[in-house]
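Remarks on the structure that follows.
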Amino acid sequence: MKDKKELFPVVCCGAEAPQCGPGPEDNKAEDWDSTDRPWQIGTVSTPAGTVNRVATALDRSDVVGTWKARWGVGRMNYRIPPGLYAVGDPDRQSPVLVSANYKMSFDFLRRELSGLDLWLIVIDTKGINVWCAAGKGTFGTAEIVRRIEKVRLHEVVSHRKIILPQLAAPGVAAHEVQKQSGFQVIYGPVRAGDIPAFLQEGGKATPEMRQVRFRLKDRLVLTPVEVATVMKPALFLLAALLGLNFLSVILKGSPLVFTRLWGRTAADFLPFLGAILAGTVLTPALLPYLPGRAFAWKGWLLGVLWALAYMFYLAPGSGPVRTAAHLLFLPAAAAFLAMNFTGSSTYTSLSGVVKEMGFALPAIIIAAGLGAAGLIAAYFL
Amino acid sequence: MKFRYLKNVVTLAFDADRCNGCGTCIEVCPQGVFVPAGKGSVTVADRDACLECGACARNCARGAVSVRPGVGCAYAILMSKLKRKGSCCGDACCP
């Protein structure tokens, strides 16, 4: 079992909590003093020292920051200094929430806390969201115990309870935290939006609060980063198509007209653009309605539909070689991109994805390889 | 809407003899895999919904639940097979 784990050192991804990735190595001390803190409003004094108070309203820079991170811009360095924070005017009886130091997690939490008085411990998850950090173990027992001591939580509150996001549970052993720190772990709801109701009920989560959701909206916010990721390969493809058109014109001895060359390249790119959108946007959007269970299969189906639509309606008369090549390549590309959405989904298991890749990947490679060969050949026939 | 991935693949195992019915697994599971089974025990009601996050096993003080934890991310698996070290997901998945 241990070997298997090392074979697949897979540690992050997934879940509706967005964003994760390779956390930067954290051997050097962070220079948090220079961090801009527009979200800080005043301080609160405690027996353990002065504590910064956090605003519960997001401003424009927060919204812009979230938008950028969704598109993959600067999201690897979007963090909050770890430590103890106050929300409202907490006292020694106020509840204590624990969260990750990914700025988006922090923002989504604090905007739900207006009107509440509580303590907030931000632990150092290297700027990774709760779910991914729990999977990596950075949102884990050791960091929580260490942080409780560091902020001297024993002196700040008189009770001995901390509330963790439920999605931290893969990284945290509640019974170990209690043993080592004296604080009892209570798993709060999955979504920050349920925290006020959860606290109102005296720390009881309904079954609904405990389930991860993956609605259309939840899936669609994850698609920009999928699109952003294929941008680079898509540009390479565009350059390759331009090169192929150029070569084909030269070899056939036709006159070289640049506007026509561009026009052809753009037209040749259209089928690929459709396949990219089928895999990165349409498959996530239509996920529950597409038949079958494997993501690659769902993407492949949409890819086939697109390839057929393209060949019958958009470019009839492409010739048998190019048509066959499109039919091989486009669904394979859509299948591959759809398969990559497994990491963003909330319900795929490692065992399942390994199985899916076992049959999908060889098929994709063969189909894409044959398709690419056909596409290239079609330029010179 | 409850999503289901491939059938009969997960590594989740539950040992009813060790279970004392504390219900922590029910609480931490984001997929509703466990349900109470009378007093003093739980039962696995929806095994195929398991995403192998490992929350149940990690939080079971009695060691009654075991699962090989991991993340179902094709890109990460691909990268680890290609021996690209250091990153779990690179920039691609885990948005």
Side-chain angles (χ1 to χ4, degrees), chain A residues 1 4-5 7-15 18-22 70 72 132 134-136 166-167 169-175 187 190 205 207 210-212 214-215 222 224-226 229 287-288 293-295 339-357, chain B residues 1-12 22 24-35 47-62 66-81 83-95:
Chain A
M1 212 147 124
K4 272 269 169 87
K5 245 192 238 170
L7 245 181
F8 303 114
V10 178
V11 267
C12 67
C13 322
Q19 251 68 1
C20 71
R70 291 282 193 208
C132 299
K136 282 168 181 278
Q166 186 195 323
L167 291 184
V172 181
H175 50 284
Y187 286 111
V190 166
R210 296 239 171 266
Q211 306 274 307
V212 166
F214 206 35
R215 302 162 304 177
L222 300 171
V225 111
E226 306 279 328
T229 310
L287 202 61
R293 296 193 177 209
F295 283 45
M339 196 174 72
N340 277 346
F341 194 67
T342 51
S344 302
S345 79
T346 56
Y347 67 100
T348 51
S349 59
L350 174 59
S351 303
V353 176
V354 168
K355 186 178 177 189
E356 164 163 356
M357 289 175 78
Chain B
M1 167 128 9
K2 203 164 179 184
F3 288 90
R4 285 291 179 294
Y5 196 41
L6 308 186
K7 287 178 198 166
N8 291 323
V9 284
V10 295
T11 52
L12 179 70
C22 74
T24 305
C25 53
I26 301 174
E27 216 174 277
V28 297
C29 180
Q31 289 285 88
V33 169
F34 299 93
V35 295
R47 197 160 177 277
D48 286 339
C50 173
L51 52 82
E52 298 183 325
C53 72
C56 51
R58 170 87 68 169
N59 283 277
C60 182
R62 305 284 291 248
S66 74
V67 64
R68 183 189 80 195
V71 179
C73 174
Y75 188 81
I77 295 167
L78 204 60
M79 286 300 123
S80 74
K81 280 192 173 167
K83 304 252 157 53
R84 296 250 182 113
K85 261 200 68 194
S87 90
C88 58
C89 299
D91 261 358
C93 65
C94 356

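Order of the sequence lines fixes the chain letters, A, B, ..., with proteins taken first and strands second; residue numbering starts at 1 for each chain.
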Any donor-acceptor pair under 3.5 Å from B:Arg58 side chain to A:Pro170 backbone: yes
Short side-chain to backbone donor-acceptor contact, A:Ser349 and B:Glu52, under 3.5 Å: no
Let me confirm one number: the [atom1]-[atom2] distance from [X] to [Y], rounded to the nearest 0.5 Å.
X: B:Arg62; Y: A:His175; atom1: CZ; atom2: NE2; value: 11.5 Å
X: B:Glu27; Y: A:Arg210; atom1: CD; atom2: CZ; value: 4.5 Å
X: A:Ser351; Y: B:Tyr5; atom1: OG; atom2: OH; value: 10.0 Å

Mutual orientation of the aromatic rings belonging to A:Tyr347 and B:Phe3 [parallel < 30°, tilted 30-60°, perpendicular > 60°]: parallel
Derivation and outcome, side chain to side chain contact (heavy atoms under 4.5 Å, CB included), residues B:Ile77 and A:Leu350: CA-CA 9 Å; B:Ile77 295 167; A:Leu350 174 59; 3.6 Å; yes
A:Met357, part contacting chain B, at a heavy-atom distance under 4.5 Å: side chain
Region of B:Cys60 in contact with chain A, defined by heavy-atom distances below 4.5 Å: backbone
Portion of B:Cys50 that has a non-hydrogen atom of chain A nearer than 4.5 angstrom: backbone
A:Tyr187 vs B:Asn59, side chain to side chain contact (heavy atoms under 4.5 Å, CB included): CA-CA, chis, key distance, verdict: CA-CA 11 Å; A:Tyr187 286 111; B:Asn59 283 277; 2.7 Å; yes
Exercise: identify the closest heavy-atom pair between B:Leu6 and A:Arg293: CD2-CB, 3.9 Å
Shortest non-hydrogen contact between B:Val9 and A:Gly352, atoms and distance: CG2-CA, 3.7 Å
